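In what follows, a single structure is set out as C-alpha cells and then discussed.
All figures in this text were calculated on a predicted structure; none of them were measured in a lab. Letters A, B, ... are given to chains in the order of the sequence lines, protein chains preceding strands, and every chain is numbered from 1.
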Number of protein chains: 2
Amino acid sequence: MSVQERKERERAARERLIVATARELAEQQGWDAVTTRRLAERIEYSQPVLYSHFRGKREIIGAVALQGATELAAAVRAATSAADGPRARVAALARAYLDFAERNPAVYDALFELDGGLAYAQEDTPEPLKDAFAALLETLTDVAGDAHPGLFTETFWAALHGLASLTRTGRLPPADTEQRLELIVSRLATT
Amino acid sequence: MSVQERKERERAARERLIVATARELAEQQGWDAVTTRRLAERIEYSQPVLYSHFRGKREIIGAVALQGATELAAAVRAATSAADGPRARVAALARAYLDFAERNPAVYDALFELDGGLAYAQEDTPEPLKDAFAALLETLTDVAGDAHPGLFTETFWAALHGLASLTRTGRLPPADTEQRLELIVSRLATT
DNA sequence: CATCTTGTCTAGCACTGCTAGGATCGGGTC
DNA sequence: GACCCGATCCTAGCAGTGCTAGACAAGATG
C-alpha cells in the first residue's frame, strides 16, 4: 500500500503544481496566455497529463477560483477583525475586497468573470465559495438595517464587484476609486 | 462620381450587415459562436471581406457595442422621461438598465464585459458611450445629494453593472433581482 | 524472470483569427 | 466597341487553440 500512497502524494503534488503554475501564468500574462501547451511545458509534462487531472481548461480555472475564494475570505476576515465598530468594519471589508481584486486580477477573473464551471449560490456550491460569501455576510449583517442580511450582502457585493470589474477593464478611471468606495459604504450601510 | 458613390453605399450597407449579423449570431448562440468563418458564411462573403471593413474580430465587437450604447441611452431616457419625481425616475432608470442587460445579453457583453477595443471615460471615448453615460447622469444628478454628480453616477452605474453581471453569469440567483434593485435605489439615492 | 497494468508521450483532429497571392470583374480611356 | 488597369474578392494556407486516440515504456505483481 505504501507504493500506492506515494503515488497518490506525487499525483496530488503535481495537481497543486498545475494549479499554481496556471495561476502564476495568468497573473503574469493574463488568462489568454494560459494555453494547455504552455502550461504543460511549464510543468514539464505533456499536454495529456493535464487532462488526467482536470476535465479541461475550464476546470483548471475553477481550481484557481476555489483557491482564490479561500484567500479572499481570509483577507476579508483579517481586515474586518482589525477594525472597531460596524461602520469601520464595513469600510475595511470593502477596501480588502477591492484590494484583493487589484492585487490578484487573474484570480479575481477566475472567480467572478470567467467560466470555471462552478455552481454559485446553490446547494452544490463548493465550500470555499460559500465561505467567502459567509465572510461578507458576517460583517454586513450588522449594517443591513431593515433589509434581509443575505439580500443586503448580495447587493453590497454586487456594488463592490461592479466597481472592481469596471475599474479593472478600464471603464472607470482608477483615480477616484476610494471616493466611490466611501460613497457605497456610507449610503448602503445603515449606521 | 455616381459610380463611386454607389459603391460606397453598398460598402456601408455590407458593413451594417456584418455588424447586424454578428450581433444576431451572438444573441442566438453567444459570442464564442461568432467566428470569422461562421460570420463570413452568414453574410455570404469570404472571410477576408470582414478584414476589409474591420481590423479584426475585436473591432466587430466594438461596433456592436457602439450600437448597443445608443440603444441603451435611448432606453434609459425613454424610461426616465415617463416617470414623475426624482426618486421614481431613478427607479425607472435602474429597471431600464437591468432590463436592457437581460434582453440583450450579447450586446451588454460587448459593451461592458468583452474587449471591443474602445476607450472608456477618456477624451477620445466614442460619442455613443459618452452619451450613454450622459443619459445616466441626467437623472442621477438630482439624487446625488452632497456627492459629485459624475462620481455618484459612476458609483450607481457600477452597482447596477455588478447586479447585471453577477446575475447574468449565474453568480446571483435571478429571483430577488427586483428587491436588490430597490435596495440600491432607496439607499444610494438621496430623496 | 515473464507478464501485465499503469502512466506518459507522440501525433493528430477539428477548430480559431488572420493574411498572402492569384483570379476575376468592372469602369475609364482610346 | 476593344483594351487595359485597378479595385475587389476568393482560395489556400499559416500558426495557434483545446482536446484525444493509440503507441510505447517503465514499473509492480505473479
> Given atom CD of A:Glu15 and atom P of C:dT8, what is their separation to the nearest angstrom?
Replying inline: 13 Å

>> Aromatic contact between B:Tyr97 and B:Tyr108, with the criterion being ring centroids under 6.0 Å apart: yes or no?
In response: yes

> Which residue pairs pass the salt bridge (charged side-chain N to carboxylate O under 4.0 Å, His left out) test with at least one member in residues 159-181 of chain A, sequence neighbours excluded?
Replying inline: A:Arg95-A:Glu178, A:Asp109-A:Arg168, A:Arg180-B:Glu154

> Which residues within residues 109-118 of chain B lie with some heavy atom under 4.0 Å of an atom in DNA chain D?
Replying inline: none

Report, one line per pair, each donor and acceptor closer than 3.5 Å where one atom sits in a side chain of residues 116-125 of chain B; sequence neighbours left out.
unit_1   : atom_1 : unit_2   : atom_2 : d
B:Tyr120 : OH     : B:Leu111 : O      : 2.4
B:Thr125 : OG1    : B:Ala119 : O      : 3.0
B:Thr125 : OG1    : B:Ala121 : N      : 3.1
B:Thr125 : OG1    : B:Gln122 : N      : 2.8
B:Thr125 : OG1    : B:Gln122 : O      : 3.0

> Taking only residues two or more places apart in sequence, or in another chain, which ones meet B:Gln47 in a side-chain contact (heavy atoms from CB on, under 4.5 Å)?
Replying inline: B:Thr36, B:Arg37, B:Ala40

>> Going by side-chain hydrogen bond (donor to acceptor under 3.5 Å, both in side chains), name the residues that satisfy it together with A:Asp84, two or more places apart in sequence or in a different chain.
In response: none

> Between A:Leu39 (CG) and D:dG16 (P), how many Å, whole number?
Replying inline: 17 Å

> For DNA chain C, what dot-bracket results from Watson-Crick or G-U pairs at under 3.5 Å, with [ ] for crossers and | for inter-strand partners?
Replying inline: ||||||||||||||||||||||||||||||

> What residues, two or more places apart in sequence or in another chain, satisfy side-chain contact (heavy atoms from CB on, under 4.5 Å) together with B:Ala135?
Replying inline: B:Ala73, B:Val76, B:Arg77

> Rounded to whole angstrom units, what separation is found between the CG atom of B:Leu50 and the C1' atom of C:dG17?
Replying inline: 11 Å

> Do B:Trp157 and B:Phe152 make the cut of ring centroids closer than 6.0 angstrom?
Replying inline: no

> Nearest-Å distance, CH2 (A:Trp31) to C1' (D:dT17)?
Replying inline: 16 Å

>> Could you tell me how far apart A:Tyr51 (OH) and C:dC9 (P) are, to the nearest whole angstrom?
In response: 15 Å

> Between D:dA28 atom P and A:Glu10 atom CD, what is the distance in whole Å?
Replying inline: 10 Å

> What pairs with B:Arg58 under side-chain hydrogen bond (donor to acceptor under 3.5 Å, both in side chains), at least two apart in sequence or on another chain?
Replying inline: B:Asp115

>> What is the separation between atom CZ on B:Arg38 and atom P on C:dC15, rounded to the nearest whole Å?
In response: 9 Å

> Between D:dG18 atom P and B:Asp32 atom CG, what is the distance in whole Å?
Replying inline: 13 Å

Find every protein N or O atom lying less than 3.5 Å from an N or O atom of nucleotides 9-15 of chain D, and list the pairs.
unit_1 : atom_1 : unit_2  : atom_2 : d
D:dC9  : OP1    : B:Arg14 : NH1    : 2.9
D:dC9  : OP2    : B:Arg14 : NH1    : 3.3
D:dC9  : OP2    : B:Arg14 : NH2    : 3.1
D:dC10 : OP2    : B:Ser46 : N      : 3.0
D:dC10 : OP2    : B:Ser46 : OG     : 2.7

> Considering residues at least two apart in sequence or located in another chain, which fulfil the side-chain hydrogen bond (donor to acceptor under 3.5 Å, both in side chains) criterion with B:Glu71?
Replying inline: B:Arg23

>> Does D:dC19 have its OP1 or OP2 closer than 4.0 Å to a side-chain nitrogen or oxygen of A:Thr36?
In response: no

> Who passes side-chain contact (heavy atoms from CB on, under 4.5 Å) against A:Arg103, sequence neighbours left out?
Replying inline: A:Asp99

>> Considering only residues two or more places apart or on different chains, which pairs with a residue in residues 40-54 of chain B satisfy salt bridge (charged side-chain N to carboxylate O under 4.0 Å, His left out)?
In response: none

